[in-house]
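What you see below is based on every heavy atom in this structure, not just the backbone, and it leaves out hydrogens, waters and symmetry mates.
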Amino acid sequence: MDPRTSLDPRYSDPKAAPLSWSDAAARLAAAEVYWLTTVRPDGRPHVTPLIAVWSEDALHFCTGPDERKARNLAENTSVVLTTGSAALGEGLDLVVEGEAARVTDEHVLRGLAEAYVEKYGPEWRFEVRDGAFVGDGGTALVFAVAPRTAFGFAKGEPFGQTRWRFRGEEEQA
């Protein structure tokens with residue numbers, strides 16, 4: 001994955017430099033909590049915290065088929081995933097925009113199930129059955145979000161806003 005990287009001078013200290021995508025991807029992989037924004041059928045946003053794993057250049061999350069986010073994704077696959085720090089003067093906030101694609105390949109799902117246990121512990125163990133995760137809470141659909149555009153907001157000294165564009169994403173105003 002080799003995105004176009006740029007630093008937005010409007011929101012960056014003159015001493016700031018763009019962050020590398022490899023550093024951002026490592027931070028996405030290490031984060032424990034993410035916020036998922038989906039769009040309800042009536043156009044209103046829906047935001048919820050969740051856990052996720054980074055694998056094969058995408059964030060992966062799961063949800064029950066009857067949960068609000070799954071119902072939203074059935075109508076509109078555009079999502080935003082965010083993670084970062086609640087501190088104002090330090091840390092890095094990351095925003096990933098993309099399309100949530102359902103993962104049903106059982107080989108891929110088994111690898112993701114192992115990644116959940118490795119990252120979050122044995123209480124997040126899933127079996128793979130019929131193209132989904134199955135656990136104590138029932139069936140969970142799995143989605144992958146490969147970044148289309150991502151932003152990194154460095155807080156502290158120097159502050160800066162890096163943008164990464166993937167797969168020929170058009171310039172945005």
Side-chain angles (χ1 to χ4, degrees), residues 1-39 43-63 69 72-73 75-105 107-109 111-116 118-120 124 141-173:
M1 208 178 238
D2 192 19
R4 290 182 298 156
T5 303
S6 61
L7 184 73
D8 192 326
R10 298 173 297 172
Y11 310 113
S12 302
D13 185 286
K15 297 177 286 209
L19 300 169
S20 72
W21 175 246
S22 62
D23 183 44
R27 289 172 185 253
L28 285 169
E32 292 183 353
V33 176
Y34 307 80
W35 293 87
L36 173 70
T37 303
T38 58
V39 181
R44 293 180 298 137
H46 176 261
V47 180
T48 188
L50 49 68
I51 62 174
V53 295
W54 179 259
S55 179
E56 301 296 321
D57 296 324
L59 278 168
H60 295 79
F61 66 90
C62 59
T63 184
K69 54 190 167 290
N72 291 348
L73 291 171
E75 299 290 324
N76 184 340
T77 60
S78 295
V79 300
V80 177
L81 280 153
T82 61
T83 192
S85 163
L88 181 60
E90 63 185 12
L92 177 68
D93 294 336
L94 294 165
V95 176
V96 174
E97 299 175 353
E99 301 293 320
R102 177 94 188 276
V103 178
T104 58
D105 179 279
H107 176 75
V108 173
L109 289 171
L112 292 171
E114 290 175 18
Y116 267 88
E118 190 174 304
K119 183 174 181 179
Y120 293 105
W124 290 98
L141 308 178
V142 179
F143 293 88
V145 180
R148 181 178 57 232
T149 302
F151 297 90
F153 298 91
K155 302 179 289 186
E157 293 299 325
F159 63 92
Q161 178 186 309
T162 302
R163 178 185 292 182
W164 299 278
R165 289 187 184 89
F166 301 82
R167 298 184 301 275
E169 179 68 10
E170 294 298 320
E171 190 76 29
Q172 298 174 4

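A distance of 6.0 Å or more separates the ring centres of Trp164 and Phe151.
The distance from the CZ atom of Phe153 to the CZ atom of Phe159 is 13.0 Å, given to the nearest 0.5 Å. Here the CG-OG1 distance, from Leu141 to Thr104, works out to 10.5 Å after rounding to the nearest 0.5 Å. Going from atom CG of Leu73 over to atom OG1 of Thr63 covers 8.0 Å, rounded to the nearest 0.5 Å. Atom CD of Glu114 and atom CG of Leu109 lie 11.5 Å apart (nearest 0.5 Å). For the atom pair Tyr34 OH and Leu81 CG, the distance stands at 9.0 Å (nearest 0.5 Å). Remark: Trp35 CH2 to Thr83 OG1 distance equals 10.5 Å, nearest 0.5 Å.
Checked against salt bridge (charged side-chain N to carboxylate O under 4.0 Å, His left out), Glu90 has no partners two or more places apart in sequence or in another chain. Evaluation of the side chain to side chain donor-acceptor pair (under 3.5 Å) rule for Asp105 yields no partner, not counting sequence neighbours.
At least one side-chain heavy atom of Trp21 sits less than 4.5 Å from a side-chain heavy atom of Phe166. Between Glu157 and Asp13 there is a side-chain heavy-atom pair separated by less than 4.5 Å. In this structure the side chain of Leu50 reaches within 4.5 angstrom of the side chain of Lys69, judged on heavy atoms. Residues Leu28 and Leu59 meet the side-chain proximity criterion, which asks for heavy atoms closer than 4.5 Å.
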### Task
Check the pair Val96, Thr82 against side chain to side chain contact (heavy atoms under 4.5 Å, CB included), reporting the backbone distance first and the verdict last.
CA-CA 6 Å; Val96 174; Thr82 61; over 6 Å; no

### Task
Check the pair Leu112 / Val103 against side chain to side chain contact (heavy atoms under 4.5 Å, CB included), numbers first and verdict last.
CA-CA 10 Å; Leu112 292 171; Val103 178; 4.3 Å; yes

### Message
Let's go through Ser78 and Glu97 carefully: what are the C-alpha distance in whole Å and the side-chain angles of both, what is the deciding distance for side chain to side chain contact (heavy atoms under 4.5 Å, CB included) to 0.1 Å, and is it a yes or a no?
### Response
CA-CA 8 Å; Ser78 295; Glu97 299 175 353; over 6 Å; no

### Task
For the pair Val47 and Leu36, evaluate side chain to side chain contact (heavy atoms under 4.5 Å, CB included) and give the outcome as yes or no after the intermediate values.
CA-CA 5 Å; Val47 180; Leu36 173 70; over 6 Å; no

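A donor-acceptor distance shorter than 3.5 angstrom exists from the side chain of Lys119 to the backbone of Ala31, with no hydrogens or angles considered. Listed for the His60 side chain is a donor-acceptor partner under 3.5 Å among the backbone atoms of Ala58. The backbone N or O of Glu99 lies less than 3.5 Å from no partner atom in the side chain of Thr77, so there is not a single donor-acceptor pair.
Listed here is the closest heavy atom pair of Val79 and Ala100: CG1-CB, 4.0 Å. Taking every heavy atom of both residues into account, Thr37 and Pro45 meet most closely at CG2-CB, 4.4 Å. The shortest non-hydrogen separation linking Thr162 to Thr5 is CG2-CG2, 3.7 Å. Taking both residues in full, the closest heavy atoms of Ala16 and Gly160 are given as CB-CA, 4.3 Å, listed atom of the first, atom of the second, then distance.
Under the 4.0 Å criterion applied to side-chain N and carboxylate O atoms, Lys155 and Asp93 are assigned as salt-bridge partners.
When each of Val142, Val145, Ile51 is tested with Phe61 by the rule side-chain contact (heavy atoms from CB on, under 4.5 Å), just one qualifies, namely Val145.
For Trp54, the CH2 atom sits in a packed shell: over 12 heavy atoms of surrounding residues, nucleotides or ligands are nearer than 6.0 Å.
If you check the side chains of Gln161 and Ser12, you find no donor sitting under 3.5 Å from an acceptor.
Among pairs with a residue in residues 22-34, those fulfilling salt bridge (charged side-chain N to carboxylate O under 4.0 Å, His left out) read Asp23-Arg27, at least two apart in sequence or across chains.
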